[in-house]
Novice: 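Sharing a structure, written as structure tokens. Questions coming.
Along the sequence shown, the residues carry numbers beginning at 1. Bear in mind that the values here come from a model prediction, so they are computed numbers and not experimental data.
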Amino acid sequence: MRVQGDGALTRVAGGVVQGTRHGEALLWRGIPYAAPPVGALRFRAPQPVRPWAGIRDASRYGNVASQAYRGQFKGVGPGVPSGEDCLTVNVLSTVTARRDRRGLPVMVFIHGGGYSAGSSQDFAGQGVGFVDSGRVVYVSFNYRLGALGYLDFSRYSTRKRPIESNLGLRDQIAVLKWVHENIRSFGGDPHNVTVFGESAGGNAVTTLMATPSAAGLFARAIAQSAPANAVYDRDQAAEWAREYVAILSNETAGQFTDAAGLLTAVTAEHLVEAALTLQLRTPDAFAGMFCLAPVVDGVLLPERPIDRFRAGRAHRVPLIIGTNDREGSVFRGRVDILPKSPVRIRTVFERAPARSRPAMQRAYPGLPNVRTAADFGGDYAFWYPSTKVADFQSRIAAVHVYRFDIAPRLARVAGLDATHGMEMLALFDQGDARIARAMTALGGRTAFTQAGDRMRAYWLDFACTGTLPASWPAYTEPGRLTLVIDEVDHIDSDPRRDRRLAWGPFLPDV
């Protein structure tokens, strides 16, 4: 219900918004943090919010970013409003927080989905468990996905029709600036912001840590299951852009003679369908790569994040980073985008130095059988790049590393184990969600829920104080102490050392 004069009426950049109140909780949804990126602003960097008259209703989520509802990358259901006008932010706070003049720490979550799907609505009640602690203000948001956010068409830019790169990344920086400028109105401290994300959202976190213009916008970072190396140079990005334009031109029967005119004129639905076609081709044509990803454009992103971490030029902020026990096991059938098939694995081996290949075969005995191939693919995309980020960042800032091992019994029976995304069900307290009920049908629900409670407590401690309990020691290269989150949490020193040593010479550029 709408409530007047109870603290849910708030002034932000652009005007006044009216949120909703449920007990002590205050919620604002769908607040614009930039101008709608439509028409002449399609493929442009986010522009300032356009002011509105009167009081804007902030009781409903804004549009999710344009995305596919079928195929390999299935996003939200077709009944959820979507579109290009999607640059909105949501804030979850409390009446008590609004009265605290000091301001509470702020947690800003970046959703995953391969930069092609997902939204700030992905988990029912997202953030409630954090805010109910009374310790933080919680922020989530939508950003541009797919071709509209993560293909680099800047080579087709003209004076008449300028086109910029890294639009999704620019959106993320824009929302962090919005938080910095507006969060005090919601009871938050703009100087105590933790940015965290999972999967593509984890990649966003590690990329933001290497983006100069994001300096000072967050004090701490948490990267969950981050494909931290999925950032490509301009030549690779240009190759994907050329292929994409050819797909789009074919789908529109060659109605346009220039790329800029084509990209400007077609509908968002055409752009989404062409991106889906490119995505389906990429895993076989470019084994181990993701066509929708940030690009080293020399403007916003001056160098590969992994190189910036290696050189000690990433932002000097404390970091939690980690992965799940078996990241690759969930990528099956049409969602198998990892280098798991014999052909893709062979391609990856051919790119590696010849002297490094025997050690890799020993580290993954039986490769390419199904289970071992899943572990190889998951480690390639998520685990090994995350270990390198941890190594490099630990030289200049405090780092804590985790591995999420617990999984409900049915997930183990199905051969998934603690796979990619599993920790999100625990972290966001999704025990009553349909998928969680199904996975715990054979038992393990209590232990899984309790692991999520502990994980959330760790995240809260880190966001509020920058420190963690003594039971989770800091990560340094000699010991590589890692918190293993399981039925009983424990510390392991340099887990999977044999795999780590094999990957070093196999992927020397990571």
Novice: Judged by modelled atom types alone, do T419 and S329 share a side-chain donor-acceptor pair under 3.5 Å?
Specialist: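 The criterion, which ignores hydrogens and geometry beyond distance, is satisfied for S329 and T419.
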Novice: Checking the side chain of D132 only, and the main-chain atoms of G129 only, is there a donor and an acceptor separated by less than 3.5 Å?
Specialist: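 Judged by distance alone, no pair lies under 3.5 Å.
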Novice: CG/D189 to NE2/H191 distance, rounded to the nearest 0.5 angstrom?
Specialist: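 If we round to the nearest 0.5 Å, D189:CG and H191:NE2 are 6.5 Å apart.
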Novice: Between W240 and Y232, does the ring pair (Phe, Tyr, Trp, His ring centres under 6.0 Å) criterion hold? Intermediate values first, please.
Specialist: CA-CA 11 Å; W240 282 324; Y232 303 104; 5.2 Å; yes
Novice: Has K388 got more than 12 heavy atoms of other residues, nucleotides or ligands less than 6.0 Å from its NZ?
Specialist: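 Counting neighbours around NZ of K388, more than 12 heavy atoms of other residues, nucleotides or ligands fall under 6.0 Å, so yes.
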Novice: Rounded to the nearest 0.5 Å, how far apart are OG1 of T387 and CD1 of I321?
Specialist: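 T387 OG1 to I321 CD1: 8.5 Å, rounded to 0.5 Å.
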Novice: Keeping the roles fixed (side chain from R170, backbone from A45), state whether a donor-acceptor pair exists under 3.5 Å.
Specialist: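 Not a single qualifying donor-acceptor pair exists.
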Novice: Between F153 and Y244, is the ring pair (Phe, Tyr, Trp, His ring centres under 6.0 Å) condition met? List the steps.
Specialist: CA-CA 10 Å; F153 300 118; Y244 178 86; 5.4 Å; yes
Novice: Is it the case that the side chains of Q224 and Y402 hold a donor-acceptor pair, with the cut-off being a distance below 3.5 Å and no angle test?
Specialist: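 The criterion, which ignores hydrogens and geometry beyond distance, is not satisfied for Q224 and Y402.
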Novice: Are the side chain of S119 and the backbone N or O of Q121 linked by a donor-acceptor pair below 3.5 Å?
Specialist: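 Yes; judged by distance alone, with no hydrogens or angles, the pair exists.
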Novice: Can you tell me how the ring of H111 sits relative to the ring of Y143, calling it parallel under 30°, perpendicular over 60° and tilted otherwise?
Specialist: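 Geometry flag for Y143 against H111: parallel rings.
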Novice: Just verifying a value: how many Å separate L460 CG and R456 CZ, rounded to the nearest 0.5 Å?
Specialist: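 Going from the CG atom of L460 to the CZ atom of R456 covers 7.5 Å.
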Novice: Counting distance only, does the side-chain N/O of N324 pair as donor-acceptor with the main-chain N or O of E327 below 3.5 Å?
Specialist: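 Such a contact is absent between N324 side chain and E327 backbone.
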Novice: Will you find, in the side chains of D57 and Q18, an N or O donor that is under 3.5 Å from an N or O acceptor?
Specialist: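 Absent: no donor and acceptor within the cut-off.
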Novice: Can a side-chain donor-acceptor contact be found between D85 and N63 if the only test is distance below 3.5 angstrom?
Specialist: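 Note: N63 and D85 side chains miss the donor-acceptor criterion.
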Novice: Strictly below 4.0 Å, N to O, side chains only: are R344 and D284 in salt-bridge contact?
Specialist: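 Yes, R344 and D284 are salt-bridged.
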Novice: Assess, by modelled atom type and distance only, whether the side chains of E164 and S157 contain a donor and an acceptor separated by less than 3.5 Å.
Specialist: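 Per modelled atom types, E164 and S157 side chains form no pair under 3.5 Å.
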Novice: Can you find a pair of side-chain heavy atoms, one from M107 and one from V139, that are under 4.5 Å apart?
Specialist: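 A side-chain contact under 4.5 Å is absent here.
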Novice: Do you see a donor-acceptor pair shorter than 3.5 Å between the side chains of S154 and R234?
Specialist: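 Yes.
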Novice: Under a plain distance cut-off of 3.5 Å, with no hydrogens placed, do H270 and T252 share a side-chain donor-acceptor pair?
Specialist: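 The answer is no; no qualifying pair exists.
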Novice: Determine whether a donor-acceptor pair (N or O, by modelled atom type, separation under 3.5 Å) exists between the side chain of W28 and the backbone of A8.
Specialist: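 Present.
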Novice: Quick check against the 3.5 Å criterion: does S249 have a side-chain atom that pairs as donor or acceptor with the backbone of V245?
Specialist: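 Absent.
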Novice: Quick one: do the T264 and R161 side chains pair a donor with an acceptor below 3.5 Å?
Specialist: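 Side-chain D/A pair, T264 to R161: present.
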Novice: Is a donor from one side chain sitting under 3.5 angstrom from an acceptor on the other, for Y33 and N182?
Specialist: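 No, no side-chain donor-acceptor pair sits under 3.5 Å.
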Novice: Quick one: pull up CG in L276 and CZ in R281 and give me the separation to the nearest 0.5 Å.
Specialist: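 Answer rounded to 0.5 Å: 11.0 Å.
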Novice: Would you call P294 and N203 a side-chain contact if the rule is heavy atoms closer than 4.5 Å?
Specialist: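 Yes; the side chains approach each other to less than 4.5 Å.
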Novice: Report yes or no: does S59 contribute a side-chain atom to a donor-acceptor pair with the main-chain N or O of T20 at less than 3.5 Å?
Specialist: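 Judged by distance alone, no pair lies under 3.5 Å.
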Novice: In sequence, state the C-alpha distance, the side-chain angles, and the governing distance for I173 and L300, and then conclude on side chain to side chain contact (heavy atoms under 4.5 Å, CB included).
Specialist: CA-CA 10 Å; I173 294 171; L300 187 72; 4.0 Å; yes
Novice: Flag the pair Y115 / Y150 as yes when their ring centroid distance falls below 6.0 Å, and as no otherwise.
Specialist: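 Yes.
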Novice: Taking N166 for its side chain and L169 for its backbone only, find out whether a donor-acceptor pair lies under 3.5 Å.
Specialist: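 Answer holds: no.
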Novice: Would you please say whether a donor-acceptor pair under 3.5 Å links the side chains of S120 and Q126?
Specialist: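 No - no donor-acceptor pair under 3.5 Å links their side chains.
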Novice: Is it the case that the side chain of R144 and the backbone of D171 share a donor-acceptor pair, with hydrogens and angles ignored and the cut-off at 3.5 Å?
Specialist: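 Checking the backbone N and O of D171 against the side chain of R144, no donor-acceptor pair under 3.5 Å is found.
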Novice: Using side-chain heavy atoms (C-beta onward) and a distance below 4.5 Å, is L208 in contact with I110?
Specialist: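 Yes, close enough: below the 4.5 Å cut-off.
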Novice: May I ask you to decide whether R42 forms a salt bridge with E84, counting only side-chain N to carboxylate O separations under 4.0 Å?
Specialist: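 E84 and R42: salt-bridged.
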Novice: Going by heavy atoms in the side chains, are L416 and R326 under 4.5 Å from each other?
Specialist: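 No, side chains not in contact.
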Novice: Checking V266 against L262 for the side chain to side chain contact (heavy atoms under 4.5 Å, CB included) test, could you report, in this order, the C-alpha distance in whole Å, the side-chain angles of both residues, the deciding distance, and whether it holds?
Specialist: CA-CA 6 Å; V266 298; L262 172 66; 3.7 Å; yes
Novice: Do the side chains of L176 and F218 get nearer than 4.5 Å, heavy atoms only?
Specialist: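 Heavy-atom side-chain distance check passes, below 4.5 Å.
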Novice: Please answer whether the main-chain N or O of R135 pairs with a side-chain N or O of S133 as donor and acceptor at a distance below 3.5 Å.
Specialist: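 A pair under 3.5 Å: yes.
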Novice: Would you say S140 and N90 are linked by a side-chain donor-acceptor pair, where the criterion is simply a distance under 3.5 Å?
Specialist: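 Their side chains do contain a donor-acceptor pair, which is all the 3.5 Å distance test asks for.
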Novice: Less than 4.5 Å apart, any side-chain heavy atom of Q236 and any of F286?
Specialist: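 Q236 reaches F286 side chain to side chain.
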Novice: Would you call the rings of F130 and F428 parallel, tilted or perpendicular, where under 30° means parallel and over 60° means perpendicular?
Specialist: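 Because their plane-to-plane angle is over 60°, the rings of F130 and F428 count as perpendicular.
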Novice: Which distance, rounded to the nearest 0.5 Å, do you find between the CD of E423 and the CG of D325?
Specialist: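 Separation between the atoms: 12.0 Å.
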Novice: Measure the shortest side-chain to side-chain distance between W52 and V17 over non-hydrogen atoms and say whether it is less than 4.5 angstrom.
Specialist: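 W52 reaches V17 side chain to side chain.
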Novice: Quick one: pull up OG1 in T206 and CD1 in I306 and give me the separation to the nearest 0.5 Å.
Specialist: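 These two atoms lie 8.0 Å from each other.
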Novice: Could you check if a side-chain atom of V108 sits within less than 4.5 angstrom of a side-chain atom of Y138, using non-hydrogen atoms only?
Specialist: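 Of all side-chain heavy-atom pairs linking Y138 with V108, none is under 4.5 Å.
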